[in-house]
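Input: a single structure, listed below in C-alpha cells.
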Number of protein chains: 2
Amino acid sequence: MEETPARLTAKPSWLLTQLAVHAHRLSSDGFGEMGARGYHFRILAALDEFGAASQAELGRRCNMDRSDVVAAINELAEQGFVERTPDPDDRRRNMVTLTEAGDRQLRRIDQALDQVQDDLLGPLPAEDRQTLTRLLARLLTHHQRGEHRQPTTRAGRASSLPRSTRSTGGTASGRRMQQ
Amino acid sequence: MEETPARLTAKPSWLLTQLAVHAHRLSSDGFGEMGARGYHFRILAALDEFGAASQAELGRRCNMDRSDVVAAINELAEQGFVERTPDPDDRRRNMVTLTEAGDRQLRRIDQALDQVQDDLLGPLPAEDRQTLTRLLARLLTHHQRGEHRQPTTRAGRASSLPRSTRSTGGTASGRRMQQ
DNA sequence: CCTACATCGTTGGCGCGTCCAATGAATATC
DNA sequence: GATATTCATTGGACGCGCCAACGATGTAGG
C-alpha cells in the first residue's frame with residue numbers, strides 16, 4: 001500500500017502524535033460506550049482521588065481550561081455523576097462533589113481503560129512497556145515543569161503580546177500564542 | 001502545585017496523549033511562524049518524496065481524509081507552494097505538483113521541526129531517544145496494519161452503523177479503513 | 001452496449017481537545 | 001477603601017480526525 005513520507009515517519013513528534021491518535025481512538029471507543037469522554041474521566045478521577053474541589057482546582061489538576069471544566073461539569077451533573085453546590089466559605093467558588101453514581105461510572109471507565117492500555121501496548125513485552133512508560137513519564141514531567149507562568153504576584157509584567165506577528169505575511173491565518 | 005490524579009498519570013494512553021499535546025504545540029509554534037500547519041507539511045513532504053500525485057493518493061500517504069486534502073491543497077495553492085492541474089489521463093484526478101517555492105517552504109519547515117525534536121526529547125540521552133523512537137515506531141506500525149478493512153469489492157460487508165452504537169463489539173471495533 | 005460498481009474531487013457538517021478574551025461577582029492585598 | 005486577583009461563565013477560535021452525499025468519471029461484467 002501507499003508509503004508514508006520518511007520525513008514524517010523519521011520524526012519522534014510524528015510517531016508520538018500519530019500513535020496518540022490511535023490511543024485516543026481506543027480510549028474514545030472505550031468510554032464512548034458509556035456516554036463519556038476524556039474530560040469527564042479526568043474530572044471524575046480528580047474528584048475521586050482528592051475529594052470535592054472547586055472548578056478552578058479541577059482545571060489545574062486535570063490540565064483543563066476553566067471554561068472547559070464548566071462544560072464538562074454541566075454534562076456530568078446532567079448525568080447525575082457530580083453535584084455542583086456553592087461554597088459557603090468562598091462565594092465565588094462551586095464545590096463539585098462526586099456522587100455514588102459518579103463513582104460507579106468512574107470505575108466503569110477505568111476498567112475499560114485498562115483494556116485500552118493493553119490494546120495500545122499490543123505487541124510489546126512487559127519490559128518494553130515499562131521502558132516506554134518510564135520514558136514518556138519522564139518527558140511529560142519535563143515539559144510540564146515551567147508551565148506555570150505565574151503572574152508573579154506583584155506587577156511582574158510578562159510582556160504578553162498577542163504575538164500574531166507572522167513573518168511570511170501571505171494570506172494565511174496563523175494564530176497561536178499560548179502564553 | 002496541584003497534583004494530577006494517579007488514575008491518569010499511571011496510564012500509558014494518558015502519557016502518550018498528553019505528551020502529544022506538547023509535541024503538537026512545539027510543532028505548531030515551529031511552522032506557525034511561516035503560516036503553515038501539520039497538514040501542509042505532510043503534503044509537501046509526500047510530494048517531495050514521491051513526486052506529483054493525485055489528491056486521493058496524498059490522502060492515503062499522509063493519513064488524511066480526502067476532504068481535508070482538498071482544503072490543504074487549496075491553502076497551499078493559494079500560497080503558491082503547489083499547483084493543481086487536471087490529469088489528462090484520468091479526468092477524475094488532479095495532479096498536484098510541488099513548486100520551487102513549495103520545496104523551499106518544505107525545507108524551512110523541516111528544519112524548524114528538527115529543532116522541535118530536540119526540544120521534545122529534551123532531557124533524554126541519545127540512547128533513550130533511540131529506544132523511545134524504536135518503541136513508538138513499533139507500536140505505530142502495529143496499529144496501522146489491519147486498518148485497511150477493504151470493502152471487498154462486491155456486496156457490502158460492514159453494517160456501517162452511524163458510529164455511536166458501537167457497543168460491546170469486542171476488540172475489533174470495526175475500525176476505519178483509510179487507504 | 002449497457003449496467004453495475006468503484007474512484008475522485010468537493011461541499012458541508014460533526015466531535016473532541018486545546019485555547020483565548022471578556023464579563024461580573026467575590027475576595028485578597030495594600 | 002482602592003486595586004488586583006480569583007472564580008465561574010459565556011462565546012468564540014483553531015487543528016485534527018472523521019463521515020455522508022453529490023456529481024463526474026472510469027472500470028467490469030454480462
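Chain identifiers are assigned alphabetically (A, B, ...) following the order of the sequence lines, protein sequences preceding nucleic acid strands; residue numbering begins at 1 within each chain. Hydrogens, waters and symmetry mates are skipped; everything else that's a heavy atom, side chains included, is used.
A salt bridge (Lys or Arg N to Asp or Glu O under 4.0 Å) check over residues 60-75 of chain A, counting only residues at least two apart or in different chains, returns the pairs A:R37-A:E75, A:E57-A:R61, A:R60-B:E2.
The pair A:R25-A:D119 fails the salt-bridge criterion, with no side-chain N (NZ, NE, NH1 or NH2) lying under 4.0 Å from an Asp/Glu carboxylate O.
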Heavy-atom contacts, protein to nucleotides 23-28 of chain D, under 4.0 Å, summarised as B (base), S (sugar-phosphate only) or - (none) per nt, yield --BS--
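Under 4.0 angstrom from either OP1 or OP2 of D:dC7 there lies at least one side-chain N or O belonging to A:R60. The phosphate of D:dC16 (OP1 or OP2) has no side-chain N or O of A:Q18 nearer than 4.0 angstrom.
Where B:G38 and A:S54 each meet DNA chain D at their nearest nucleotide, the meeting point lying more 5' is that of A:S54.
Here the nucleotide nearest the side chain of A:R93, chosen from D:dC16, D:dC7, C:dG9, is D:dC7.
For A:R108, the salt bridge (charged side-chain N to carboxylate O under 4.0 Å, His left out) test picks out no residue, with sequence neighbours left out. By the side-chain contact (heavy atoms from CB on, under 4.5 Å) test, A:P88 pairs with no residue at all, sequence neighbours left out. Taking the salt bridge (charged side-chain N to carboxylate O under 4.0 Å, His left out) definition, one finds that B:E100 meets it with B:R104, sequence neighbours left out.
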List the steps and the verdict of salt bridge (charged side-chain N to carboxylate O under 4.0 Å, His left out) for A:D87 and A:R91.
CA-CA 6 Å; A:D87 182 340; A:R91 303 211 312 269; over 6 Å; no
Pairs under 3.5 angstrom, nitrogen or oxygen only, protein versus nucleotides 10-12 of chain C, please.
{"from": "C:dT10", "atom 1": "OP1", "to": "B:N94", "atom 2": "ND2", "distance (Å)": "3.3"}
{"from": "C:dT10", "atom 1": "OP2", "to": "B:Q55", "atom 2": "OE1", "distance (Å)": "3.0"}
{"from": "C:dT10", "atom 1": "OP2", "to": "B:Q55", "atom 2": "NE2", "distance (Å)": "2.9"}
{"from": "C:dT10", "atom 1": "OP2", "to": "B:R84", "atom 2": "NH1", "distance (Å)": "2.8"}
{"from": "C:dG12", "atom 1": "O6", "to": "B:S67", "atom 2": "OG", "distance (Å)": "3.4"}

